[in-house]
Amino acid sequence: MTLRNLILSALMVGVISGLCYGLFQQLQVNPLIYAAEAYEVAEPADTAASDGHSHDHGESWGPEDGMPRMAFTLGSNITIAFALALIMISLMALHNQKSAKPKLDALRGAAWGIVAMFCFFVAPAMLGLHPEVPGTKAADLESRQIWWLFCTLASATGIAIVYYAPKLFKAAGLIIVAAPHLIGAPLPTEHGFANTDPIAVQALTELTSQFYMMTAIGMLILFIIMGALSGLSLKKFIRSGT
Amino acid sequence: MQNIQSSVATQAPSLAVSNTKQIVAALALGVALVLFVGFAPMEVIHNAAHDARHAFAFPCH
């Protein structure tokens, strides 16, 4: 019963918050991604082959531009929001079950949402790897993904320790939150864009700062809605047995 | 129907024992799904979720 209620609640929260973020993305974020892609340059290996048309993603399937691409993006937004909501609601259920601290409601949920935004966006992206438009130079993908996951896990664990642990251990929580940043995010040896044309660089720099702003606003909307609805569904649908 | 409800009610205390396991299972499912949509290296998944990965500031490319 609990598992079913957790999944159904996360589905509801994920669909609503994912749709909101999806619409926001179509209006405010995608235009920036498309604009940046116009400046993408072919990989050196491809240009040597003097093939007029080549794209990063080679021959593998990808959704057609226009409606299919928008639909897949929206579907991915909802799926990611559902997955994040499932994580959030499960942790909230553990909180309600194990902790003597006040139980979740919509307002406390919204506060959880802001903390989640820190763990999933502010710490790994804004303070670490930076949100990127396509065509930005970056370090090796795998090391960035590993650092991202490490940073998110450390942020969440550290904040949980600060919140739940006895006073004596709270400082350890702060150290865990800071650890990924002390180690440092894997960043490219030289900053910039794959396209070195000065006009492109100027346009991409401008697009990047807009992208920062818009993803941050979008993430704030997403996580506050997600947190508040998650807190509400905990109160309404999920029994907190011991 | 009443029978079913009452039997659920009487089972409730024993269900509570596995409550934590169910919560942990849901948590694991959520983590696996984030990894699949946001981080899986397969080209097809990357292409389908490309714009969403960028918009969540997941490492991409």
Side-chain angles (χ1 to χ4, degrees), chain A residues 1-3 6-7 10 21-22 25 29-30 33 56-58 60-63 69 72-77 79-80 82-91 93-94 97-98 120-121 124-126 129-134 136 138 141-142 144-145 147-149 211 215 218-219 239-242, chain B:
Chain A
M1 287 298 282
T2 306
L3 184 60
L6 289 169
I7 291 173
Y21 189 62
Q25 177 177 1
V29 179
N30 280 350
I33 294 177
D56 279 0
H57 310 314
S60 320
W61 174 89
R69 183 169 172 179
F72 272 95
T73 302
L74 191 60
S76 308
N77 281 326
T79 313
I80 295 171
F82 164 61
L84 294 178
L86 197 51
I87 294 172
M88 188 186 281
I89 288 175
S90 305
L91 292 175
L94 277 182
Q97 194 173 78
K98 305 279 184 201
F120 281 98
F121 181 73
M126 303 232 82
L129 294 163
H130 310 308
E132 290 161 2
V133 293
T136 310
L141 177 61
E142 209 167 285
R144 279 181 295 140
Q145 288 186 325
W147 188 88
W148 192 100
L149 294 168
F211 190 73
T215 47
M219 285 286 124
R239 195 167 49 87
S240 55
T242 40
Chain B
M1 194 61 199
Q2 270 185 336
N3 281 342
I4 295 169
Q5 279 177 344
S6 65
S7 73
V8 169
T10 49
Q11 279 175 19
S14 63
L15 269 178
V17 178
S18 65
N19 228 5
T20 307
K21 279 182 191 162
Q22 294 185 51
I23 294 171
V24 172
L27 182 64
L29 187 64
V31 171
L33 198 55
V34 169
L35 292 178
F36 183 73
V37 183
F39 291 83
M42 287 86 97
E43 278 286 287
V44 172
I45 301 167
H46 165 272
N47 292 351
H50 174 266
D51 295 354
R53 285 184 179 193
H54 271 282
F56 277 84
F58 292 156
C60 198
H61 297 287

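We name chains A, B, ... by the order of the sequence lines, and we start the count at 1 in each one.
If you measure heavy-atom distances from A:Leu94 to chain B, the contacts under 4.5 Å come from both the backbone and the side chain. Using a 4.5 Å cut-off between heavy atoms, A:Ile33 touches chain B through its side chain atoms alone. Interface remark: A:Leu129 contributes side-chain atoms only to the contact with chain B (heavy atom separation under 4.5 Å).
Residue with the most contacts toward chain A among B:Ala25, B:Ala49, B:Ala32: B:Ala49 (heavy-atom pairs, distance under 4.5 Å). With chain B as the partner, the residue from A:Pro124, A:Ala10, A:Pro134 showing the most heavy-atom pairs under 4.5 Å is A:Pro134. Considering only heavy-atom pairs separated by less than 4.5 Å from chain B, the leading option among A:Asn77, A:Thr215, A:Ile89, A:Val29 is A:Asn77.
For B:Phe56 and A:Phe120, the ring centers sit 6.0 Å or farther from each other.
The backbone N or O of B:His61 lies less than 3.5 Å from a partner atom in the side chain of A:Arg144, making a donor-acceptor pair. No donor-acceptor distance shorter than 3.5 angstrom exists from the side chain of A:Gln97 to the backbone of B:Asn19, with no hydrogens or angles considered. A donor-acceptor distance shorter than 3.5 angstrom exists from the side chain of B:Gln22 to the backbone of A:Thr2, with no hydrogens or angles considered.
B:Ala55 and A:Met219 get closest at one heavy-atom pair: O-CE, 3.4 Å. Residues B:Ala26 and A:Leu6 come closest through the heavy atom pair CB-CD1, 3.7 Å. Heavy-atom minimum distance, A:Ala83 versus B:Leu33: CB-CB, 3.6 Å.
Rounding to the nearest 0.5 angstrom, the gap separating the CG atom in A:Asn30 from the NE2 atom in B:His54 is 10.5 Å. Atom CZ of B:Arg53 and atom CD1 of A:Ile80 lie 7.5 Å apart (nearest 0.5 Å). Rounding to the nearest 0.5 angstrom, the gap separating the CD1 atom in B:Ile45 from the OG atom in A:Ser60 is 11.5 Å.
Looking at residues two or more places apart in sequence or on another chain, you find a side chain to side chain contact (heavy atoms under 4.5 Å, CB included) between B:Phe39 and A:Gln145, A:Trp148, A:Leu149, B:Val34, B:Leu35, B:Phe58, B:Pro59.
In this structure, the side chains of A:Ile7 and B:Leu29 come closer than 4.5 Å at one or more pairs of heavy atoms. Using a 4.5 Å heavy-atom cutoff, the side chains of B:Leu27 and A:Leu86 are not in contact.
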